[in-house]
There are 2 protein chains.
Amino acid sequence: MPKTFTAQDFTARMARATETAAQAGLSGLVITPGPDLLYLTGYRPVAITERLTALVLTPGRPPTMIVPRLERPDAEGAPGAAALTLTDWTDGTDPYAAAGRLLDPNGRYGISDSSWAMHLLGLQEALPASSYRPLTRALPMLRAVKDADELERLAAAGAAADDAFRAILQVAFAGRRENEVAADLARLLTQYGHSQVDFTVVGSGPNGANPHHEAGERVIQPGDTVVLDFGGLKDGYGSDTTRTVHVGPDIPDEVRTVHEVVRRAQQQAFEAVRPGVACQEIDRVARAVITEAGYGDYFIHRTGHGIGLTTHEPPYMVEGEEQVLVPGMCFSIEPGIYLPGRFGVRIEDIVTVTENAGRRFNNTPHALATVS
Amino acid sequence: MPKTFTAQDFTARMARATETAAQAGLSGLVITPGPDLLYLTGYRPVAITERLTALVLTPGRPPTMIVPRLERPDAEGAPGAAALTLTDWTDGTDPYAAAGRLLDPNGRYGISDSSWAMHLLGLQEALPASSYRPLTRALPMLRAVKDADELERLAAAGAAADDAFRAILQVAFAGRRENEVAADLARLLTQYGHSQVDFTVVGSGPNGANPHHEAGERVIQPGDTVVLDFGGLKDGYGSDTTRTVHVGPDIPDEVRTVHEVVRRAQQQAFEAVRPGVACQEIDRVARAVITEAGYGDYFIHRTGHGIGLTTHEPPYMVEGEEQVLVPGMCFSIEPGIYLPGRFGVRIEDIVTVTENAGRRFNNTPHALATVS
């Protein structure tokens, strides 16, 4: 078991967030339930609903969280509660007027990306001269650099996903539906310690050419190429890995060729990881390999995304992202080639940035494995 | 099995939504993934993420949905896809500029309550003269009046939750942890046909006085009063019911008294349900019973919320809500009394509005049941 984050950890995180906000020229931060609030306070309300909960961080003032009155006992029990001033609002009163009293009427705030539009509109109406920026644009690095405990959890989540991949190679593919293999993957992730399964993509044959296909009723055939992309949360931190396998030993030349292009793209992008390199450079390296091989039009997504308390977060490995890599960042490298109506290939590892290179949290072989 | 909603159903819903928006003086609607999009198109993306997906409804123009390019095949497979024009955007390009081309630069739009703030801010930046209102404030009744198929599903979900309650009365309470009984409830909801369990509150003794307590490590004691509040989705529609039980036959007078007050409050509020009555009136009726009995300070939440594709939606039975009841609306009536540090009592049924009264979807007895 990794150590439990303490009120001291949350105090330090809130102090750093507040300081970074001030440096970025913001009046403060408005943090609503979801990964930001979990990161800063350890608090996860029973549900994310139409009732406003918001942590307000303001330089020079104590962190204050406004919660619905009936959820106050839950908030008081949060791991970071000792570091917070709590205030509440009651059903039938205006939560935005109450939250507005914690804000500078002319202030510029960063607000959690996934805050409900309804809440943002409520604040904009209560304080018409205030302004807001999405937190990942205002402070993209807030959760991007992981500390030692977080890295330990991410490594453990990656190792558990690897165990699930090794085990799935032993199950029957041919003659079973994609969603049966997906259920096996979910069971294996849970068996190896995941508390939450976020996705279990099983894209067989032509379905593999749809990068976001999950798993359906299609019966897997001998000769299919199958994309397996799976992950979730273990001890609160994410896993996300993809391997492409082939059903049966007779691998067509084109599948071998495409797989080898993707493998080289993933490897070269990985080798480009080091502090100071721009995120977009990782995308460019992978894309160049695929484009030079003539498949550029079939690599239809960015190369990667950050991972931590969620399985999709900054930094993004995408053209236009000039943020440079910093030790402790963790993200996916997942180039793919998708041939519509035919098959797809993707290879994905989670990688962290060390002092001088990249280190993989997924370590199963990249060679095209065969299944039965 | 209830019937499957068809492209025709979705076309009709989108037409009605567009017409209602125009009547409300809006230029159109911006609908993002979640219950609104599911209701209007049947489309549920694999995940709700930082990548913008938005349905734009504009009077006089065909419904258009913008999706990330890599999710386009999924969107094309949505039940309502035949009624939609699809357009897409690619990683590394600006989705808000692309979505903005579907909007009137000076338009007033309703936007899904749970749209990410990041997306709303992106649209506000792309079209500074456009303005937005939360959908449940702009068109609170969009999903509030259920059609016959929806009512059938809600009735079936309620009946399944009732079956789960009858079964839970047979399990042992004393000596077991709250979260063990909660796991029983989750298993029973699933056994009786729920595909998703949203909450299983088991609030024993003092924990029952926290209305949003879920279930914890506390070992249930003989003599405890226990609040059981549970629900989820069956065939896509919600259940939500609460009963308060007592462990062992020796019920203290005060528990009997408080329970009887809550029972009368729930019954009188139910009897007040008929078309034309304001939502706030349902709250007032329940609150008056509790206040007259001297417990007004201990009823610390609104009396109810709508239910449908979600377990919390308009109409809300709360002071200040002047919307009148309309046949086909479905909502909870759930008064409670919470005595801090001691115990709580809540009774909750889902109710629908008929032509001349209310009809319950939960029909287990309100009398204080005892468990062992």
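The sequence lines fix the lettering, A, B, ..., with proteins before strands; numbering per chain opens at 1. All of these numbers come straight from a predicted model, not from anything done at the bench.
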Picking from A:Val318, A:Ile300, A:Thr311, which has the most non-hydrogen pairs under 4.5 angstrom with chain B?
-> A:Ile300

Could you tell me the separation between the CG atom of B:Asp74 and the CG atom of A:Asn210, rounded to the nearest 0.5 Å?
-> 5.0 Å

Counting only heavy atoms not in B:Arg72, do more than 12 fall under 6.0 Å of its CZ?
-> yes

Identify which part of A:Arg69 has an atom lying under 4.5 Å from any heavy atom of chain B, answering side chain, backbone, both or neither.
-> side chain

Is it the side chain or the backbone of A:Glu50 that comes within 4.5 Å of chain B heavy atoms, both, or neither?
-> side chain

So which residues of residues 117-126 of chain B are in contact with chain A at a heavy-atom cut-off of under 4.5 Å?
-> B:Ala117, B:Met118, B:Leu120, B:Leu121, B:Gln124, B:Glu125

Check whether more than 12 heavy atoms from other residues, nucleotides or ligands sit under 6.0 Å from atom OH of A:Tyr298, and answer yes or no.
-> no

pair B:His312-A:Arg51: side-chain heavy atoms closer than 4.5 Å | yes

When rounded to the nearest 0.5 Å, the distance separating CG of A:Leu70 from OH of B:Tyr338 is 8.0 Å

Heavy-atom proximity to chain A below 4.5 Å, by part of B:Thr49 = side chain

Among A:Pro73, A:Ser114, A:Pro68, the residue with the most heavy-atom pairs under 4.5 Å to chain B is A:Ser114

More than 12 heavy atoms of other groups within 6.0 Å of B:Arg44 CZ = no

Which distance, rounded to the nearest 0.5 Å, do you find between the CD of A:Glu319 and the OG1 of B:Thr93?
-> 11.5 Å

So, the side chain of B:Asp91 versus the backbone of A:Arg302: is there a donor-acceptor pair under 3.5 Å, distance only?
-> yes

Residue B:Tyr316 versus chain A: region with a heavy atom under 4.5 Å | side chain

Report, by ascending residue number, the residues of residues 132-141 of chain A in heavy-atom contact with chain B at a distance under 4.5 Å; give 'none' if the set is empty.
-> A:Tyr132, A:Arg133, A:Pro134, A:Thr136, A:Arg137

